[in-house]
Amino acid sequence: MRRICWGLCLAFLPAAAAAAAATDELDQGLATLWEVLWHQSGTPTRVVRWENDIRVRIGGVNAATHREHLLKALGDVTREAGVKLVDVSGQVDAEQTANLTIEITPDNQLEDNQPCVTYLDFRTETRIDSATVQMRDKDAWRCAYHESMHVMGVRGHPAGQTVLSYFPWKIDGLLPLDRVMLRAWYSNRMAAGMTPFEALPVLADELVATAADKQAAIRSRDQFFGGIIQKMHAYANGQGDVPAVIKRSGKSTPDGIRFGRSEMSYFLGIAYLEGVTVQRDATQAVKWLERAANLGNRNAQTKLGGFR
């Protein structure tokens, strides 16, 4: 019997180890998807995205050298998102027709700790109207995919296996988690202006769909949701902190975190009101909306006004 058990145990160990590894990978992926919904300043963000074609103009130092790789990166992200990309660089009226400008700068123009940057222009925090990207000549290759993801409206810098992290990975192409983000971000279930708690289930379900064991993935997803809600209760109450990746960025500010706590109180109110990420709970919804309103959050004040 001892020998039979030993053989059976050996047979099952690889499967158990594989299952544990898959669960760990899913948990890490969920954490990455949550962190991507945070700005470096320490503020949770809403979903912003393109609702029209992207017309790109590439210029600056050695633009011709970098053009092919930049267009490949932009082509990869736009195809995954289902957004049309048009290169207008050679057109006479390119400056007027482009809604995305990529400028290759001299190597001394940007700082070493920020060799590339994306500026998104939106009148309201919903639809991207235009965008500008700057990247140093010597860093254009490694910045291409990173900034292309930002161009699509995905603003966070999460830890994890994604080109949005702080360059620990080989970044000459999209990673699986990047494709998950883009598919979810531009899916029919996602809507411009969604709060983090509205967006998280859409992102998470896209990740779950890639898992071999769907039931185990769903359990991990639900456990993750519960843990995040508790952490955000503490954060909004001033007892918790921003995600660790925000602190590691070195760019969080006291004002950003203060504003973030107010926003999170509002976002929790909406989550409980609509039953997204959590069960619908009117009492909790009013509690968090009142807290946000008392902190000066105008959206919360407006939402509460509709109850009265």
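As the structure is a prediction and not an experimental result, all values here were calculated from the model.
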A quick test of your reading: do over 12 heavy atoms of other residues, nucleotides or ligands sit less than 6.0 Å from NZ of Lys214? yes

Considering only NZ, NE, NH1 and NH2 on the basic side and carboxylate oxygens on the acidic side, decide whether Glu274 and Arg280 come within less than 4.0 Å. no

Leu85 and Ile102: same hydrophobic cluster, using ILVMFWY side-chain contacts below 4.5 Å? yes

Begin from the C-alpha positions of Trp141 and His69 and carry the test ring pair (Phe, Tyr, Trp, His ring centres under 6.0 Å) through to its verdict. CA-CA 7 Å; Trp141 182 277; His69 183 58; 3.5 Å; yes

CD1 on Ile128 to CH2 on Trp50, rounded to 0.5 Å: 6.0 Å

ring-ring contact (aromatic ring centres under 6.0 Å, His included) partners for Tyr266, two or more places apart: none

Specify the closest pair of heavy atoms between Pro44 and Glu263, including all atoms of both residues, with the distance to one decimal. CG-CB, 4.2 Å

Got Pro115 and Arg142 here, is their nearest side-chain heavy-atom distance under 4.5 Å? yes

Return the minimal non-hydrogen interatomic distance between Glu147 and Cys116, and the atom names on each side. OE2-SG, 3.2 Å

Taking the six-membered ring for Trp and the single ring otherwise, decide whether the centroids of His157 and His146 are under 6.0 Å apart. yes

Examine distances only and state if a side-chain atom of His150 and a backbone atom of Val154 form a donor-acceptor pair shorter than 3.5 Å. yes

Applying the 4.5 Å side-chain criterion to the ILVMFWY set and letting contacts propagate, would Leu120 and Val117 be lumped into a single cluster? no

Take Val133 and Val151, measure what side chain to side chain contact (heavy atoms under 4.5 Å, CB included) needs, and give me the verdict at the end. CA-CA 8 Å; Val133 180; Val151 162; 3.5 Å; yes

Backbone N or O of Asp107 within a donor-acceptor pair of the Asp137 side chain at under 3.5 Å? no

Do side-chain atoms of Thr45 reach the backbone of Leu37 as a donor and acceptor pair under 3.5 angstrom? yes

Is it true that a side-chain atom of Asn294 and a backbone atom of Glu290 form a donor plus acceptor pair closer than 3.5 Å? yes

Does any part of the side chain of Thr97, heavy atoms only, come nearer than 4.5 Å to the side chain of Gln91, both counted from C-beta? yes

Is there side-chain contact between Val83 and Asp53, with at least one heavy-atom pair below 4.5 Å? no

Show the numbers, then the answer: is there a side chain to side chain contact (heavy atoms under 4.5 Å, CB included) between Phe224 and Trp34? CA-CA 10 Å; Phe224 181 82; Trp34 173 246; 3.9 Å; yes

Taking a hydrophobic cluster as the set of Ile, Leu, Val, Met, Phe, Trp and Tyr residues connected by side-chain heavy atoms closer than 4.5 Å, whether directly or through intermediates, do Ile270 and Met190 fall within one such cluster? yes

Answer whether the closest heavy-atom distance between the side chains of Val278 and Phe225 falls below 4.5 Å. no

Of all heavy-atom pairs between Asp172 and Lys72, which one has the smallest distance, and what is that distance? O-NZ, 4.4 Å

After noting the C-alpha distance and the side-chain angles of Ser130 and Asp121, does the key distance pass the side-chain hydrogen bond (donor to acceptor under 3.5 Å, both in side chains) rule? CA-CA 5 Å; Ser130 63; Asp121 177 33; 3.2 Å; yes

Show your working on side chain to side chain contact (heavy atoms under 4.5 Å, CB included) between Leu207 and Leu203 and close with a plain yes or no. CA-CA 7 Å; Leu207 181 62; Leu203 289 162; over 6 Å; no

How far apart are the C-alpha atoms of Thr105 and Gln134, what are their side-chain angles, what is the distance that settles it, and do they pass the side-chain hydrogen bond (donor to acceptor under 3.5 Å, both in side chains) test? CA-CA 7 Å; Thr105 72; Gln134 292 181 323; over 6 Å; no

Quick one: salt bridge (Lys or Arg N to Asp or Glu O under 4.0 Å) partners of Asp129, sequence neighbours excluded? Arg123, Arg127

Could Asp76 and Arg179 be called an ion pair, given the rule that one side-chain N must be under 4.0 Å from one carboxylate O? no

Heavy-atom check, side chain of Ile58 versus side chain of Leu71, under 4.5 Å: yes

Side-chain donor/acceptor of Asn237 to backbone N/O of Gln239, under 3.5 Å: no

So, do Tyr272 and Val286 sit near enough that their side-chain heavy atoms are less than 4.5 Å apart? no

Taking atom CD of Gln96 as the centre, does the number of heavy atoms from other residues, nucleotides or ligands within less than 6.0 Å exceed 12? yes

Asp87 vs Ser89, test: side-chain hydrogen bond (donor to acceptor under 3.5 Å, both in side chains). Steps then yes/no. CA-CA 6 Å; Asp87 180 16; Ser89 301; 2.6 Å; yes

Tell me, do Asn52 and Asn99 make a side-chain contact under 4.5 Å, heavy atoms counted? yes

Suppose we screen for salt bridge (Lys or Arg N to Asp or Glu O under 4.0 Å). Which residues come up paired with Arg291, at least two apart in sequence or across chains? none

Shortest non-hydrogen contact from Ala81 to Met152? CB-CE, 3.7 Å

Under 3.5 Å, side chain of Arg55 to main-chain N/O of Ala98, donor-acceptor pair present? no

Ala300 and Leu289: which non-hydrogen atoms are nearest, and at how many Å? CB-O, 3.5 Å

Side-chain donor or acceptor of Ser187 paired with backbone N/O of Ala184 under 3.5 Å: yes

Test log, rule side chain to side chain contact (heavy atoms under 4.5 Å, CB included), inputs Trp185 and Met149: CA-CA 11 Å; Trp185 210 265; Met149 288 289 289; over 6 Å; no

Heavy-atom pair of closest approach, residues Thr78 and Leu74: OG1-O, 2.7 Å

Hey, any chance Tyr235 and Leu30 share a hydrophobic cluster, counting ILVMFWY side chains that come within less than 4.5 Å of each other, even indirectly? yes

Here the gap from Gln284 atom CD to Leu268 atom CG, rounded to the nearest 0.5 Å, amounts to 9.0 Å

Report the C-alpha separation of Glu198 and Thr195 in whole Å, then their side-chain angles, then the decisive distance to 0.1 Å, and conclude whether the side-chain hydrogen bond (donor to acceptor under 3.5 Å, both in side chains) test is met. CA-CA 5 Å; Glu198 293 171 304; Thr195 69; 3.1 Å; yes

Check: Phe267 ring centroid to Trp38 ring centroid under 6.0 Å: no

CA sep, side-chain torsions, deciding dist, call: Arg136, Asp112, salt bridge (Lys or Arg N to Asp or Glu O under 4.0 Å): CA-CA 9 Å; Arg136 297 194 302 195; Asp112 288 339; 2.8 Å; yes

Please answer: with hydrophobic residues joined when any side-chain heavy atoms are less than 4.5 Å apart, are Val202 and Ile228 in the same cluster? yes

Is any side-chain heavy atom of Thr32 closer than 4.5 Å to a side-chain heavy atom of Met181? yes

In terms of side-chain geometry, is the basic nitrogen of Asp205 or Arg189 positioned less than 4.0 Å from the acidic oxygen of its partner? yes

Under-4.0 Å salt bridge between Arg155 and Glu125: yes

Does the Glu103 side chain pair with the main chain of Gly60, one donor and one acceptor, at a distance under 3.5 Å? no

Can we say Arg219 and Asp213 salt-bridge, meaning some charged N sits less than 4.0 Å from an Asp/Glu carboxylate O? no

Apply ring pair (Phe, Tyr, Trp, His ring centres under 6.0 Å) to residues Phe197 and Trp288 and explain how you reach the verdict. CA-CA 14 Å; Phe197 293 119; Trp288 287 108; 9.7 Å; no

